[in-house]
Amino acid sequence: MTATETKTQEARPGFKVMTLLEAITDAMRTEMRNDDRVVVFGEDVGKKGGVFGATLGLQDEFGEQRCFDTPLSECGIIGAGVGMALYGMRPIAEIQFLDFIYPAFDQIVSEAAKMRYRSGGEYTCPMVIRSPYGGGIRGGHYHSQSAEAYFCHTPGLKVVIPSTPADAKGLLIASIRDEDPVMFLEPKRIYRHGKGEVPLGEHVVPLGKGRIAREGKDVTILCYGAMVHVCEQAAEEAEKAGRSVEIVDLRTLVPLDEQIVLESVKKTGRAVVVYEAPKTCGYGAELSALIAEKCIEHLEGPVVRVAGFDTPFPYTLEPLYMPDVKRVLAGIEKTFVW
Amino acid sequence: MTATETKTQEARPGFKVMTLLEAITDAMRTEMRNDDRVVVFGEDVGKKGGVFGATLGLQDEFGEQRCFDTPLSECGIIGAGVGMALYGMRPIAEIQFLDFIYPAFDQIVSEAAKMRYRSGGEYTCPMVIRSPYGGGIRGGHYHSQSAEAYFCHTPGLKVVIPSTPADAKGLLIASIRDEDPVMFLEPKRIYRHGKGEVPLGEHVVPLGKGRIAREGKDVTILCYGAMVHVCEQAAEEAEKAGRSVEIVDLRTLVPLDEQIVLESVKKTGRAVVVYEAPKTCGYGAELSALIAEKCIEHLEGPVVRVAGFDTPFPYTLEPLYMPDVKRVLAGIEKTFVW
Amino acid sequence: MTSELVTIIEQDGKAQKGKDPALPAAELQRLYRLMVTTRVMDDRGLAMQRQGRIGFYLQSTGQEGSHLGAAYALKASDWLFPAYRQPGILLLRGIDPEQIVSEWIGNDGDTSKGRQMPVHYSFRQANFVSISSPIGTQLSQAAGAGMAARIRGDDTVFMTFCGDGGTSSNDFHCGLNFAAVYKAPVVFVVENNGWAISVPCSKQTASESMAIKAQAYGMPGVRVDGNDVLAVYRVCKEAVERARRGDGPTLVESVTYRMASHSSSDDAARYRDAKEYEAWKKKDPIARFQLYLQQKKLWTEQFETEVVEGAKAAIQDAVKKAEARSNPAVGTLFDDVYMNLTPQLKEQKAELLDLVQKGGVGADIGAFPL
Amino acid sequence: MTSELVTIIEQDGKAQKGKDPALPAAELQRLYRLMVTTRVMDDRGLAMQRQGRIGFYLQSTGQEGSHLGAAYALKASDWLFPAYRQPGILLLRGIDPEQIVSEWIGNDGDTSKGRQMPVHYSFRQANFVSISSPIGTQLSQAAGAGMAARIRGDDTVFMTFCGDGGTSSNDFHCGLNFAAVYKAPVVFVVENNGWAISVPCSKQTASESMAIKAQAYGMPGVRVDGNDVLAVYRVCKEAVERARRGDGPTLVESVTYRMASHSSSDDAARYRDAKEYEAWKKKDPIARFQLYLQQKKLWTEQFETEVVEGAKAAIQDAVKKAEARSNPAVGTLFDDVYMNLTPQLKEQKAELLDLVQKGGVGADIGAFPL
Ligand SMILES: Cc1ncc(C[n+]2csc(CCOP(=O)(O)OP(=O)(O)O)c2C)c(N)n1
Ligand SMILES: Cc1ncc(C[n+]2csc(CCOP(=O)(O)OP(=O)(O)O)c2C)c(N)n1
Ligand SMILES: [Mg+2]
Ligand SMILES: [Mg+2]
């Protein structure tokens, strides 16, 4: 059992055992009750409750004005969301799969991200763009991509990725309350995998703070989203072979909690960066670069990346494409023997 | 005088002294004469010859069928280009400024980049997307951006950036002849800056090969595009202070010439990565990560990045935003004293 | 007039006066067989998904007349830029069902080498361009291919499909605009089946029809009864001829109905009234065409049995052969990113092959089911 | 009927029977003054660019009646999502010209803190939303703002502008579609000035007008003579009222002409026939409105002199004050990326300030002129 899972279905008072998906619904419900400026919209989020069920029950509780379906246009979803935010709402836009966000790319990078800056702070865009992302569900080419690096390279956006139910709720509530646009990317592979205790009602996990998912001495793994669980399994294995592994779950990619990263790497002297996206120019490259820039003198081995390959996402051979325990273990070894 | 400039206006036989912009026009003219599948289109590329003049004369010589204006839709320009390529043409699509490419992002990353892979090689997309990019012309927020990292993180695309007139011609011809989609990004700041000898007629610079723009012993600068010239000036300055600087002009960002990078860094033991784009997750992060992964044992100092700041592009304060000689010099120093 | 609905086959199976395209008997029977085989194949696809033999399926039930009628108006040398709900066209163009089933499985007989989810076909041999998941992207590509054919002086016509949801996409707008500006030889077929997953057409657009959207681009727009294979054929035939003559594109709205759930991942009962389904069931395009054939004395019980059993046997045979095949080889993961492997891909391939040889890699994928 | 061109002021300056909106004399003179001041300001802007005192300029010459007539139909509490060719609206809404000129310079009096090129204004005090360079993006935002106002029960109306080129953008399509589906209180004004830089309207679309594109979205579309300030006002007034009543959006095509080059970077002589310009010059909206005022005995030579000289003096004064200002402080480079500086931005800011203090940074920017 890892730190992020609860085997029993019983929770302490004030908590409830939930899946990550349920925690996301709970976060939206909580904030919609709290603040009537919060609205949720996207394709199929109304009566159907979203293709994954993240918005189940919201239209019933809050009505069609606050949870509604849109035409099939991501450009329109985000463009309208920007307009709503400008006017003073707190829009939450769901993009059905992150693979389908590109028709809205202009509205995200040219408009939402730059509105505050280009208007000298006169106009702002507090909105959350929620989208399931990542592989592991046999979604093939266009239902599996990890596009976080595009957004991390876009000043003006914050990028948040939870890996546990409790964090999913706390980070989403923090994102909704944030005064700037937040890309809230949901690792769909673990939507229903493992459950965890989630605080009922108010629960905020501040943006910009990572967490030590596992303590260790010999090597640091930097990761986020579904990969945290793969890395936790790999760490168990490595432990058996005598390697003590520390795992940093970043939670927020932008702004990054540099301190937690650098402190861990300085302590262990070794770093493995794990991400699902194509290796070249992925977010992990930023982490490696940071280490190479700020604590190279503490390193006892190369900074190793275990990532998706530089290919589009496959269907049949998906199990080979995704970083898995064996590949993470091989990455760990490379920091010792290279 | 740097290696990439020619002070005199006289050229050797078989060469002509040109600006980078003229070399680009020359490349298109050469290939349009060579291959009637080559067509050029975009906003204002016809009678006006493009807002920078890159297509001047092409409509006159080749007619409206082969060089034509389009409606104001980047999505349509690239979508139509993909269709043309599928049907067997060699389209060259001009995007007026790289800042305006985002409405076409879906067609580029979901379609052009993935067509060969997703169809098992049945359908291919040999097209060139040309676009002026980068700062230094007082273009402000939306006429200055450097978006190369987005494309470098997209498997299926090649990304090419010339820094000299001769390379501009040779790399563009190679790109047009390539069987895969190529993002050909033109550093507009040096469109008309400095001239260089360019071979007349046939001239191909193969994709995937960098060049040593300057030899040195103490520290390696990795750069591309307009930054090559800034780095050359900085290297002159550094030389005066006793630092011997080697400059690698990457030319092709994807696929990267890893060998030239690693050999140089192994030789000098120090690396500075210079790029105009926002620092976080920029292409330079990939270069740092590569070094941290493959030749950390040769390093005598941190891998330093000198880049644009993590802000949108400004107007009035542009001179402070762009990496300049002083900032490159400071970066060089950091690899020695940190 | 864009709002009139073009129909040919009446309730009783008779063709409206003067409108019968009068196809030869054998051709009519062939069209019928294609429609039935398409449905049989679709049923089998869904069944295999339910049995866990393939990972996903998406049916075209109710839309067989629409897409077959449309594509039947083309020459074999004409190109298709399909969406994902026109599988009958593969049969029309003579694709071996084994290749189709291989695509569902993603095995080494799949022309796409197991790279996409089921039903995202690519068949160059049939001028059937690789299907994309992102909605609408084929529309501007079809426009561009049409522009290219015009530049080269070819007389190829391009037919492209999207759904009612697809009309809201960026590419619908620029695709139709480009095609009209350059008079590209393209037929845009919007299969309006009433729904985009759970979003009804009435929430997709406030326009009075999909066909009227043609006016925004200065091209003709026609509304046709999509459950009447002959009407769709006739309307598309005119559009194809117009395109081939060099008179430019046409928008055809084929009014039909998605009789199944959106896909094997969806349950329409959660958002759709059963009555609506019942009403449309009466307009089933196969039953309707059967009535027409009966009227023409081209249909018998025996013919029906032969058609249905023949279809089942063909699909059964295809499934058997396809299931006997293997996965694409591991190394193919790195092919076709570019024409040639880059140094980076070579290195990544070597690393993976090495790990695979050592064993165990890729094994834990099953640990996190959806 | 979308192809009829609504006009009010006839050749001789008289209003068509029954169509005169009959604005009070002072308001008519105010509108005239705004049109003239807009042109004076534009002339000065271009002159300053030519003199190297600002980096770029973009004129609205010939379109003063169009955008002023449109925005005049709004209440002050209504919002504008403008394109970049409606500067008169700033004057209408009472913005101090010094702030406008400060934006051209990008100095510390610029509300946008010198972040954008000249003429990309943002004035929250005037409900005038920050102008973007990417064409069309304001259209879907206006739709969203309208949806928001409807949800909140406010009676705000939103007016947004784009050019003929802008009708080809992705956001035109989804913006109009969303607005119509949700009955958002939005007035979409397409200022069709015949050109998108060097691309004539005839190559932008094959549709018979821009107004007819409204049909694709199920909203009314109206074509109005954009050089007739009263006609534009009247048509927009109706659209605004319709929106405020809750009856949804309207598309207004204002047919006008770009009398200048696209911008200070462009030379229209390279692609445009001088005769076209001459023909449109006769329809100058200011001259036309002047004739109307003459007819109404609201115009005299003396009034004209007072208006022109007053405008020149006001702009001259603004230029003087704005030019006396300083650049935004170096540290502001890092503000407004987010509400608060991130740790990364703090570090980058400290590094830059340190280098600036040591001197020389940023000096070589001039080395590579375009
Ligand atoms: C750009 C994009 N957004 C969202 C989706 C998810 N999605 C798949 S099918 C579909 C509905 C399509 O409806 P329609 O165009 O009417 O076609 P139909 O399924 O009815 O044939 C949606 C929203 C997608 N594939 N692409
Ligand atoms: C998305 C995008 N593509 C290209 C440009 C470059 N550009 C600036 S203005 C313009 C023409 C706009 O024409 P139109 O919409 O008719 O407006 P007008 O300038 O005539 O007022 C172009 C192509 C841009 N700003 N944005
Ligand atoms: Mg549909
Ligand atoms: Mg225009």
Side-chain angles (χ1 to χ4, degrees), chain A residues 43-52 68-76 96-97 99-100 102-104 135-143 187-194 226 229-230 233 279-280 307 309-322 324-327 329-330, chain C residues 55-56 105-107 110 112-118 120 132-136 163-171 196-199 203-205 265-266 270-271 327-328 330 332-337 342 344-345 348-349 351-352 355-356 358-370:
Chain A
E43 295 153 13
D44 305 293
V45 302
K47 210 161 180 182
K48 184 173 162 82
V51 294
F52 288 96
F68 55 91
D69 290 327
T70 64
L72 207 165
S73 167
E74 287 74 15
C75 184
Q96 202 159 84
F97 285 84
D99 315 59
F100 302 140
Y102 305 121
I137 65 154
R138 295 267 171 175
H141 211 60
Y142 290 113
H143 297 79
K188 61 173 118 59
R189 180 183 185 177
I190 53 169
Y191 260 160
R192 299 187 173 104
H193 152 74
H229 303 270
V230 173
Q233 286 182 37
K279 182 177 185 187
T280 295
F309 299 113
D310 285 322
T311 74
F313 206 96
Y315 177 68
T316 307
L317 299 178
E318 172 179 31
L320 293 162
Y321 179 89
M322 298 282 289
D324 65 0
V325 170
K326 286 275 157 46
R327 283 179 60 205
L329 285 170
Chain C
F56 173 85
I105 298 170
N107 64 25
D110 171 16
S112 310
K113 303 184 186 162
R115 306 250 172 78
Q116 292 217 70
M117 286 173 80
H120 290 69
S132 191
S133 297
I135 295 292
D164 41 306
T167 62
S168 297
S169 70
N170 294 342
D171 290 285
I197 310 186
S198 72
V199 180
K203 286 188 182 166
Q204 194 64 241
T205 179
S265 311
D266 180 45
R270 285 178 60 168
Y271 52 80
N327 277 349
V330 171
T332 64
L333 189 56
F334 303 90
D335 294 338
D336 304 319
V337 183
T342 60
Q344 285 74 16
L345 285 168
Q348 292 175 16
K349 180 174 175 175
E351 258 186 59
L352 178 66
L355 276 175
V356 166
K358 289 184 187 147
V361 170
D364 27 343
I365 197 74
F368 305 126
L370 178 65

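As a basis for the values below, the full set of heavy atoms in this structure was taken, side chains included, without hydrogen atoms, waters or symmetry mates. Note that the structure is predicted; figures quoted are calculated from it, not measured.
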- Query: Where the side chain of A:Glu318 meets the backbone of A:Gly140, is there a donor-acceptor pair that is under 3.5 Å apart?
  - Reply: no
- Say whether, by atom type as modelled, one donor and one acceptor occur between the side chain of A:Glu43 and the main chain of A:Gln96 under 3.5 angstrom. no
- Query: Heavy atoms, side chains only, cut-off 4.5 Å: are A:Arg138 and C:Phe56 in contact?
  - Reply: no
Against chain A, label [X] side chain, backbone, both or neither, depending on which of its atoms sit under 4.5 Å from a heavy atom there.
X        : answer
C:Val330 : both
C:Leu355 : side chain
C:Thr205 : neither
C:Leu333 : both
C:Asp110 : neither

Under a 4.5 Å cutoff for heavy-atom pairs, which residue among [options] has the most contacts with chain A?
options                                : value
C:Ser169, C:Ser198, C:Gly165           : C:Ser198
C:Gly166, C:Ser132, C:Pro118, C:Pro134 : C:Pro134
C:Ile197, C:Asn170, C:Val337           : C:Ile197
C:Ile135, C:Leu352, C:Val356, C:Asn327 : C:Leu352

- Derivation of the salt bridge (Lys or Arg N to Asp or Glu O under 4.0 Å) call for C:Asp266 and A:Lys48: CA-CA 9 Å; C:Asp266 180 45; A:Lys48 184 173 162 82; 2.5 Å; yes
- Best-contacting candidate, A:Gly76, A:Gly139, A:Ala330, against chain C by heavy atom pairs under 4.5 angstrom: A:Gly139
- Query: Taking every heavy-atom pair that is under 4.5 Å apart, which of A:Thr70, A:Asp99, A:Val51, A:Leu317 has the most such pairs with chain C?
  - Reply: A:Leu317
- Message: Let's go through C:Asp335 and C:Lys113 carefully: what are the C-alpha distance in whole Å and the side-chain angles of both, what is the deciding distance for salt bridge (Lys or Arg N to Asp or Glu O under 4.0 Å) to 0.1 Å, and is it a yes or a no?
- Response: CA-CA 10 Å; C:Asp335 294 338; C:Lys113 303 184 186 162; 5.3 Å; no
- Item | Cation-pi geometry met for A:Arg327 and A:Phe309 (6.0 Å, 45°) | yes
- Using distance alone, with no hydrogens and no angle criterion, decide if A:His141 and C:Ser133 have a side-chain donor and acceptor under 3.5 Å apart. no
- Could you verify whether a donor N or O on one side chain and an acceptor N or O on the other, from A:Asp310 and A:Thr280, lie under 3.5 Å apart? yes
- Query: chain C heavy atoms under 4.5 Å from A:Phe313: which part of the residue, side chain, backbone, both or neither?
  - Reply: backbone
